[in-house]
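Input: a single structure, listed below in structure tokens.
Note that the structure is a prediction, hence the values are computed from the model and not measured.
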Amino acid sequence: MVKNVKQTKKFEKKHLKGVLERRKVVQKIKQKEQIKQKKQAKKSQDDAFIKGPDGGKKPVHVKKNLGTAAAGEMTVDDFFQGGFEILDKKTKDASGKLGKRKRDQEESDAEEEDPSADEGSDVEFSDDDVSHDEVSDDEEDDEAVDGAAAPTGMTKEAMASLAEKDPEFYKFLKENDPEALEFDENADFSEIDELSGSEGEGEEPKKKKQKKDTKAADDENGSELTQKMIAKWKAQIEETKSLRAARQVVIAFRCAAHLNEDDDEKPQRYAINNPDAFHDILVLALKHIPEVLAHHVPVKESASGKAYVNTDTKKFKILSQLVKNYAASIIHLLGTLSDEPTLKLTISALEPLLPYLLSFRKLLKALIKTVVAFWSQSASTEATRITAFLVARRLMVISDKGVRETVLKAVYQGLVQGCRLTNVNTVAGINIMKNSAAELWGLDQTLGYTTAFGFIRQLAIHLRNSIVNNKNNAFRNVYNWQYVHSLDFWSCVLAEHCSPLKEAEAGKESQLKLLIYPLVQVTLGAMRLIPTALYFPLRFQLIRSLLRLSRATDTYIPLASALLEVLNSAEMKKPPKSSTLKPLDFATAYKAPKSYLRTRVYQDGLGEQVIELLSEYFVLWSRNIAFPEFSLPVVVALKRWLKDSRKKSTGNNNGKIGTQLALLVQKIESNAKFIEDKRNRVDFAPNDRAQVEAFLRDLEWEKTPLGAFVVSQRKLRAEKRKMMEDARREDEKKRKEEEEEERLGKQAEDEEDSDEEDHDDLAEDDEEEDEEDEEEEEEEDDE
């Protein structure tokens with residue numbers, strides 16, 4: 001018994017896995033063979049149903065016990081009971097494709113009558129006209145099984161007849177191979193031209209005329225795209241909204257999108273050598289193809305903004321291939337463009353196309369990724385960013401929940417990646433991204449709450465890991481621009497959609513308001529993770545984010561203690577040393593260089609930031625009835641710091657900061673007295689919450705003593721920033737001029753060197769000629 005147990009364990013350890021894998025492989029082979037046999041049976045039954053039991057040709061036989069019977073005369077049970085013979089592929093009945101239409105038979109008869117007729121015509125998409133990604137795995141499997149070209153697929157008539165003839169087999173296919181029952185949309189692209197012809201012509205053209213059109217189309221294949229051809233297509237589209245012309249425009253547009261890309265297997269239909277033709281086909285396709293689609297398959301829009309396209313119509317199923325090719329070409333073209341007007345035109349052409357692409361999720365994801373990439377690139381201009389954002393916003397409005405979630409995640413990911421590099425040149429673009437993206441989270445607040453909660457939770461997890469695993473520079477996962485901008489972005493989102501004005505317009509409380517508390521906790525935790533003077537700029541960045549949130553939502557957030565910690569640090573208490581460094585730009589820095597520590601310029605900058613943020617913090621509550629009690633602890637702390645700073649032995653002796661801070665204390669005390677005077681005149685008790693909240697609500701905050709001081713300080717800071725920006729631009733201009741002069745100087749030196757070399761070469765040539773002449777004269781004298 002023990003021996004058997006040991007053998008079993010040994011077998012399980014060494015051989016069981018391989019045996020199971022081999023069994024799975026054998027089972028898959030058996031299943032594939034069964035599906036192959038069932039497909040062959042299905043084809044034979046369809047042929048028998050369409051062409052009759054005999055079809056005027058030799059029927060296909062299979063073995064049935066001792067005798068044989070025609071495949072069309074057998075039931076499914078009889079067919080699968082006997083062995084199988086290989087169907088005779090030499091006969092026309094076996095080689096005929098499944099679900100061949102009557103029109104195809106007529107065309108084959110016409111080809112037999114006229115063998116010189118060309119195969120590639122204007123009424124069919126050739127292999128070159130469809131994208132490489134549109135061959136499905138099922139079609140590839142059919143090619144491997146049949147050993148021939150992929151079938152054109154079942155038509156609707158063939159599916160209906162199969163369901164009536166053999167419902168059991170139809171049910172089996174529906175359960176095990178549903179894709180086999182989908183009629184092939186690519187089987188007959190000539191329906192696009194038929195639709196165009198039926199609208200523009202009263203009756204079908206004759207066969208001779210079709211042959212002429214076929215030859216004319218073949219002449220165009222592989223030819224050079226000219227402006228004359230484009231003008232012809234444009235006239236047809238403008239006059240009759242011709243689908244035939246639209247199809248040719250899409251083909252030419254794809255050739256333009258894939259310009260200078262060599263593909264020997266599938267050469268392009270048109271060669272584009274003329275820049276004017278390239279420009280004309282781009283403009284024609286981007287401006288007029290959406291108009292053609294809207295004419296033939298109009299978009300219906302509900303009162304809530306949802307767009308609806310009837311995808312069950314015959315026109316949409318025929319035009320779906322054209323839409324996919326057109327959208328794929330635009331996406332590919334965007335990766336090759338750099339000109340701003342062309343980029344803007346190309347991106348804006350995607351907006352009317354969005355309702356038609358809602359059914360094609362794979363293509364839609366590629367489109368979202370491309371649009372968000374242009375929106376988040378630091379090299380993109382403001383106009384390009386806004387155009388890309390409008391496309392994303394339109395998609396948020398018209399799409400369902402799944403697409404909206406994809407858009408929100410892609411936008412947030414693009415924002416995080418786009419703010420990795422933050423400096424004077426990129427900060428304006430980053431602010432545009434944050435302000436524009438914040439609007440998207442208010443379009444669907446239920447979905448916005450879910451996604452925002454997940455992203456804020458990720459930020460909290462990063463912060464917790466940095467606190468728990470405080471080694472190997474783990475804090476750098478938090479102290480970087482991406483983390484700072486993420487917190488600032490969520491403060492923008494909540495400030496925009498949780499304000500009392502927005503809630504009053506909506507008539508209900510915002511669902512995003514529940515995220516204020518976790519965001520504030522994460523921000524305060526990140527602020528105090530590394531409480532050193534090196535990261536005081538980061539603290540100021542996060543305090544500004546919380547001030548924006550507190551101002552917009554009327555939420556009290558305790559920030560005075562974080563600012564007092566800066567004042568009580570060694571950097572602000574000890575006397576500074578003089579330096580010649582430039583003032584640090586706190587708007588584009590989250591970390592101070594070590595060379596700035598203990599310098600006068602850095603201490604002045606910290607003092608200005610603390611005074612500015614304290615004044616902005618207190619002005620939020622300058623009309624509150626409890627302002628005197630609220631400001632008292634901070635006033636006491638500031639007076640104590642001013643007293644210590646004036647000591648000759650231990651104070652920092654910075655008169656500039658002391659003067660500004662004393663002025664702030666004076667304004668806070670004046671505002672406290674102002675509130676006390678107003679409060680003495682009221683006749684309600686503190687427990688009357690409605691009256692307390694309505695206290696001085698009609699008074700503008702700018703008219704309070706502290707509010708007037710803040711307004712004047714803001715004007716001074718705005719003027720100072722403007723002067724700094726002008727100086728920076730002047731320096732940038734001078735630097736570029738110096739670089740240009742240096743480049744021209746080097747170019748002139750290179751030209752002089754080349755001239756000298758040419759002169760030396762000429763002199764050497766002259767010397768050689770003189771020597772040769774002297775030698776010839778000597779030889780003549782000797783003779």
Which value, rounded to the nearest 0.5 Å, describes the distance between [X] atom [atom1] and [Y] atom [atom2]?
| X | Y | atom1 | atom2 | value |
| --- | --- | --- | --- | --- |
| Thr446 | Leu512 | OG1 | CG | 9.0 Å |
| Phe586 | Glu608 | CZ | CD | 8.5 Å |
| Ser595 | Leu581 | OG | CG | 5.0 Å |
| Phe374 | Ser380 | CZ | OG | 6.5 Å |
| Ile347 | Leu390 | CD1 | CG | 10.5 Å |
| Leu542 | Leu547 | CG | CG | 11.0 Å |

Between the side chain of [X] and the main-chain N/O of [Y], is any donor-acceptor distance below 3.5 Å?
| X | Y | result |
| --- | --- | --- |
| Asn465 | Ile461 | yes |
| Asp488 | Val484 | no |
| Tyr602 | Ala533 | yes |
| Tyr479 | Ile530 | yes |
| Glu571 | Arg598 | yes |
| Gln603 | Lys574 | yes |
| Ser622 | Val619 | yes |
| Ser550 | Thr555 | yes |
| Trp641 | Leu567 | yes |
| Thr406 | Gly402 | yes |

Original post:
Could you walk me through whether Lys409 and Glu405 pass the side chain to side chain contact (heavy atoms under 4.5 Å, CB included) check?
Top reply: CA-CA 6 Å; Lys409 290 182 178 179; Glu405 186 176 2; 3.2 Å; yes

Original post:
So which of Lys720, Arg714, Arg717 actually passes salt bridge (charged side-chain N to carboxylate O under 4.0 Å, His left out) with Glu612?
Top reply: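 Single salt bridge (charged side-chain N to carboxylate O under 4.0 Å, His left out) partner of Glu612 among Lys720, Arg714, Arg717: Arg717.
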
Restricting to non-hydrogen atoms, name the atom on [X] and the atom on [Y] that form the minimum distance, rounded to 0.1 Å.
| X | Y | answer |
| --- | --- | --- |
| Glu503 | Lys513 | OE2-CD, 3.3 Å |
| Gly655 | Thr659 | O-OG1, 2.8 Å |
| Ser615 | Val710 | O-CG2, 3.8 Å |
| Phe709 | Leu664 | CE2-CD1, 4.0 Å |
| Tyr617 | Pro558 | OH-CA, 3.9 Å |
| Tyr483 | Val522 | OH-CG1, 3.5 Å |

**OP:** Could you go through the side-chain hydrogen bond (donor to acceptor under 3.5 Å, both in side chains) check for Asn654 and Asp604 one step at a time?
**Re:** CA-CA 8 Å; Asn654 193 329; Asp604 290 345; 2.8 Å; yes

Any salt bridge between [X] and [Y], counting N to O under 4.0 Å?
| X | Y | result |
| --- | --- | --- |
| Glu340 | Lys344 | no |
| Arg623 | Glu700 | no |
| Lys502 | Glu505 | no |
| Glu725 | Arg728 | yes |
| Glu740 | Arg743 | yes |
| Asp644 | Lys647 | yes |
| Glu739 | Lys734 | no |
| Arg544 | Glu616 | no |

Kindly indicate whether the side chain of [X], heavy atoms from C-beta on, has any atom under 4.5 Å from the side chain of [Y].
| X | Y | answer |
| --- | --- | --- |
| Glu565 | Phe536 | no |
| Asp726 | Glu730 | no |
| Leu620 | Tyr556 | no |
| Pro593 | Leu584 | yes |
| Asn624 | Phe695 | no |
| Leu395 | Glu351 | no |
| Gln417 | Ser376 | no |
| Phe389 | Val411 | no |

Original post:
Hey, is CZ on Arg393 packed in by over 12 heavy atoms from elsewhere, all under 6.0 Å?
Top reply: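 Open: at most 12 neighbouring heavy atoms sit under 6.0 Å from CZ of Arg393.
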
Original post:
Does CZ belonging to Arg528 count more than 12 external heavy atoms closer than 6.0 Å?
Top reply: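 Atom CZ in Arg528 is crowded, with more than 12 foreign heavy atoms closer than 6.0 Å.
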
Original post:
When the ring planes of Phe627 and Phe630 are compared, do they come out parallel, tilted or perpendicular, using 30° and 60° as the limits?
Top reply: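 Answer is tilted, since the angle falls between 30° and 60°.
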
Original post:
What is the ring orientation for Phe455 with Trp490, classed by angle as parallel under 30°, tilted 30 to 60°, or perpendicular over 60°?
Top reply: parallel

Subject >> Derivation of the side chain to side chain contact (heavy atoms under 4.5 Å, CB included) call for Val711 and Trp701 >> reply: CA-CA 10 Å; Val711 169; Trp701 66 270; 4.0 Å; yes

No-hydrogen, no-angle side-chain donor-acceptor test under 3.5 Å, [X] and [Y]:
| X | Y | value |
| --- | --- | --- |
| Ser578 | Arg600 | no |
| Ser510 | Gln445 | yes |
| Thr384 | Thr387 | no |

Subject >> Test log, rule side chain to side chain contact (heavy atoms under 4.5 Å, CB included), inputs Thr370 and Leu350 >> reply: CA-CA 11 Å; Thr370 304; Leu350 290 171; over 6 Å; no

Original post:
Can you check side chain to side chain contact (heavy atoms under 4.5 Å, CB included) on Leu529 and Tyr535, steps first, answer last?
Top reply: CA-CA 10 Å; Leu529 182 61; Tyr535 291 100; over 6 Å; no

Subject >> Sole residue of Leu443, Thr450, Thr451 in side-chain contact (heavy atoms from CB on, under 4.5 Å) with Leu408 >> reply: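 For Leu408, the side-chain contact (heavy atoms from CB on, under 4.5 Å) check succeeds only for Thr451.
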
**OP:** Please assess Glu741 against Lys736 for the test salt bridge (charged side-chain N to carboxylate O under 4.0 Å, His left out), listing each intermediate value before the final yes or no.
**Re:** CA-CA 9 Å; Glu741 290 178 358; Lys736 289 182 179 179; over 6 Å; no

